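Here the structure comes first, spelled out in structure tokens, and everything after it is commentary.
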Amino acid sequence: MSNALRIADLFKHHADHLGTKVTVQGWVRTRRDSKAGISFVAITDGSCFDTVQAVVPNTVANYESEVLKLTAGCSVEITGTAVASQGKGQSVEIQAESIKVYGFVDDPDTYPISPKQHSFEYLREVAHLRARTNTFGAIARVRHCLAMAVHRFFHEQGYLWVHTPIITGSDCEGAGQMFRVSTLDFLNMPKTPEGKIDYAQDFFGRETNLTVSGQLNVETWCMALSKVYTFGPTFRAENSNTSRHLAEFWMIEPEIAFADLHVDAKLAEDLLKFMFKALLAERMDDMKFFAERIDKGCIERLEKFVSADFAKLDYTDAIAALEDAVKKGVKFEYPVKWGIDMQSEHERWLTETYIGRPVAVMNYPKDIKAFYMRQNDDGKTVAAMDILAPGIGEIVGGSQREERLELLDKRLDEMGLHKADYWWYRDLRRYGTVPHAGFGLGFERAIIYATGMANIRDVIPFARAPKSASF
RNA sequence: UCCCCUGUAGCUCAAUUGGUAGAGCGGGCGGCUGUUAACCGCCAGGUUACUGGUUCAAGUCCAGUCGGGGGAGCCA
């Protein structure tokens with residue numbers, strides 16, 4: 001059915017199209033009439049930021065009956081000649097010869113996406129239609145661009161994309177509250193003799209949940225394939241009501257064999273730079289919009305990001321800097337002391353004020369970090385790193401993994417975890433163990449950083465958050 | 001989960017000390033114009049989230065319910 005030309009292609013190769021007949025399909029953004037006997041209809045098909053202007057003369061057959069009734073949101077197909085524009089706003093336009101209306105807007109008076117400014121709060125309530133706005137179209141293209149860049153980066157570096165499971169039988173990931181997956185009847189739960197829920201009768205014959213991280217699974221494949229990564233949805237049942245958290249989000253988790261924390265941090269830096277370079281190269285149209293309407297400095301910020309070396313800071317030095325700041329009069333709500341898990345205010349000061357750009361903080365106290373992180377020789381810290389970004393806080397969290405079984409077991413014991421639950425994870429340390437490292441990058445947080453969007457619910461098509469799963 | 005803010009036309013917002021509900025945009029009609037967030041005129045559009053209370057009088061004050069937002073915690 002569609003021999004239509006993508007509007008993006010019309011603009012990209014406009015010299016080739018000038019004077020030729022083209023057909024475009026899309027949705028009306030605006031219509032302006034001129035009593036000179038023509039109407040200007042701006043069409044978008046989502047392929048690029050700009051609309052294409054169709055100049056529709058009153059000689060087309062359905063001018064009175066249909067063209068003059070077009071409002072924002074109507075779907076149309078326009079055929080005509082691509083010509084250099086006589087007007088100022090665009091280089092190419094379509095001198096329309098025919099226009100077919102696929103669907104009118106039932107009640108233009110109450111069409112939710114009228115051509116005016118809407119608040120993001122309102123648009124979340126019409127999430128099924130918000131992709132039709134400038135902003136959400138731009139976000140969709142940016143999101144796609146960044147996702148493709150992730151895959152391209154890893155592919156070019158020899159990493160294999162490993163599809164880790166979304167339903168997980170492991171209840172030991174320890175990364176947060178989980179969503180239970182079950183086919184049991186809520187109203188009639190089978191019970192064990194002890195009165196507990198009898199998961200043996202459940203679909204999988206055991207308790208299962210939605211994954212909170214692919215890390216433990218991907219480590220297993222790393223221990224055979226050397227360089228691997230996951231990129232998929234992740235679920236946290238935390239009751240987090242913030243502009244930086246989702247119950248369902250996408251995470252990128254590479255895992256590198258024969259690598260230490262420095263290799264890990266370098267990989268994170270290279271990945272982020274690659275992603276943002278791709279964005280600047282491929283989606284400048286959308287980025288210009290974000291710079292104009294959402295966040296003035298976003299382009300400059302990315303340009304700096306891709307050209308500067310990452311700042312790196314040892315946790316111990318970060319604490320020293322914070323303590324020094326306190327001495328000089330900076331006020332924090334929470335006290336600063338070696339051993340603390342840094343609060344948002346501390347992280348923000350480090351990245352926004354002290355360093356002024358993203359910073360990798362490394363070698364955290366072992367007591368505030370997960371069991372699988374590799375213990376440093378000082379006996380106090382582990383080889384963990386967080387990358388902090390202005391306006392967001394933690395964007396990457398990673399570590400070198402503990403590859404020595406006896407030390408891993410010691411940590412499991414210290415944290416009161418059951419070795420038996422981790423039998424397959426421990427096996428990796430028994431059969432040809434190697435030093436390895438990896439990290440998790442929150443995909444939506446990268447999009448927030450790149451675009452300057454304020455709320456994470458606006459950079460994913462259909463946000464899932466506490467008390468919120470419409471659409 | 002905690003703290004704070006908020007709910008008025010399809011949307012974005014006004015409404016003084018408690019005193020008869022307003023504008024812009026969007027929509028309809030008309031005018032003007034190779035227009036560009038066009039412009040000019042007219043018209044339509046409201047149970048002020050809901051329930052109850054105080055008062056001669058409530059959009060405004062009080063209580064509860066529901067919704068939305070911001071911040072904190074947790075994290076990516």
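Note that this is a predicted model, so its numbers are computed, not measured. Note on naming: letters A, B, ... go to the chains in the order of the sequence lines (proteins, then strands), and numbering restarts at 1 for each one.
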Practice problem: Please check if any side-chain donor atom of A/Thr23 sits under 3.5 Å from a side-chain acceptor atom of A/Glu77, or the reverse. | Solution: no

Exercise. Before accepting this row, confirm whether a basic side-chain N of the pair A/Glu414/A/Arg411 lies closer than 4.0 Å to the acidic partner's carboxylate O.
Key: yes

Quiz item: With a 4.0 Å cut-off on heavy atoms, is A/Leu246 in touch with a base, just the backbone sugar-phosphate, or nothing at all?
Solution: base

Quiz item: Is it true that A/Phe371 and A/Tyr422 have ring centroids separated by less than 6.0 Å?
Solution: yes

Exercise. Select base, sugar-phosphate, or nothing to describe what A/Glu444 touches, counting heavy atoms under 4.0 Å on all strands.
Key: nothing

Quiz prompt | For atom CD1 of A/Ile43 and atom P of B/rU36, their distance in whole Å | solution = 18 Å

Practice problem: Identify the residue among A/Tyr159, A/Phe443, A/Phe274, A/Tyr229 that makes a ring pair (Phe, Tyr, Trp, His ring centres under 6.0 Å) with A/His151. | Solution: A/Tyr229

Exercise. Could you please name the option among B/rU12, B/rC75, B/rG34 that lies closest to any side-chain atom of A/Asp341?
Key: B/rC75

Practice problem: Using a 4.0 Å cut-off on protein heavy atoms (strictly under), produce a 5'-to-3' string for nucleotides 65-73 of chain B with B for base contact, S for backbone-only sugar-phosphate contact, and - for none. | Solution: ---SSSBBB

Quiz item: A/Asp45 and A/Arg6: side chain to side chain contact (heavy atoms under 4.5 Å, CB included), yes or no, with the steps?
Solution: CA-CA 7 Å; A/Asp45 65 2; A/Arg6 289 169 73 245; 4.3 Å; yes

Exercise. Examine the side chains of A/Glu219 and A/Tyr425 and answer whether a donor and an acceptor come within less than 3.5 Å of each other.
Key: yes

Check the interface with nucleotides 38-46 of chain B: list each N/O to N/O pair with the protein under 3.5 Å, or write none.
from, atom 1, to, atom 2, distance (Å)
B/rA38, OP2, A/Arg32, NH1, 3.3

Exercise. Measure centre to centre between the rings of A/Phe305 and A/Tyr449, then say whether the value is under 6.0 Å.
Key: yes

Quiz item: What is the nucleic acid contact for A/Tyr122, judged by heavy atoms within less than 4.0 Å: base, sugar-phosphate only, or nothing?
Solution: sugar-phosphate

Practice problem: Report yes if a side-chain nitrogen or oxygen of A/Ser114 is closer than 4.0 Å to either non-bridging phosphate oxygen (OP1 or OP2) of B/rG10; otherwise report no. | Solution: no

Self-check item: Donor-acceptor pair present, A/Gln90 side chain and B/rU35 base, under 3.5 Å
Solution: yes

Quiz item: Separation of A/Ile368 atom CD1 from B/rC75 atom P, in whole Å?
Solution: 9 Å

Practice problem: Classify the nucleic acid contact of A/Gln117 as base, sugar-phosphate or nothing, counting any heavy atom under 4.0 Å across all strands shown. | Solution: sugar-phosphate

Practice problem: Please list every stem that involves RNA chain B, where a stem is a run of 3 or more consecutive Watson-Crick or G-U wobble pairs with both pairing distances under 3.5 Å. | Solution: B:1-7 with B:66-72, B:10-13 with B:22-25, B:27-31 with B:39-43, B:49-53 with B:61-65

Quiz item: Would A/Arg130 and A/Asp458 pass as an ion pair if we require N to O under 4.0 Å?
Solution: yes

Practice problem: Tell me what A/Gln95 touches on the nucleic acid: a base, only sugar-phosphate, or nothing, going by heavy atoms under 4.0 Å. | Solution: base

Quiz item: To the nearest Å, how far apart are A/Phe249 CZ and B/rC75 C1'?
Solution: 8 Å

Quiz item: For A/Val396, which contact category applies under a 4.0 Å heavy-atom criterion: base, sugar-phosphate, or nothing?
Solution: sugar-phosphate

Quiz item: Rounded to the nearest Å, what distance is computed from the CG atom of residue A/Leu123 to the C1' atom of nucleotide B/rG26?
Solution: 14 Å

Practice problem: Report the distance from atom CD of A/Gln177 to atom C1' of B/rU1, rounded to the nearest whole Å. | Solution: 12 Å

Quiz item: Between A/Asn62 (side chain) and A/Ile99 (backbone), is there a donor-acceptor pair under 3.5 Å?
Solution: yes

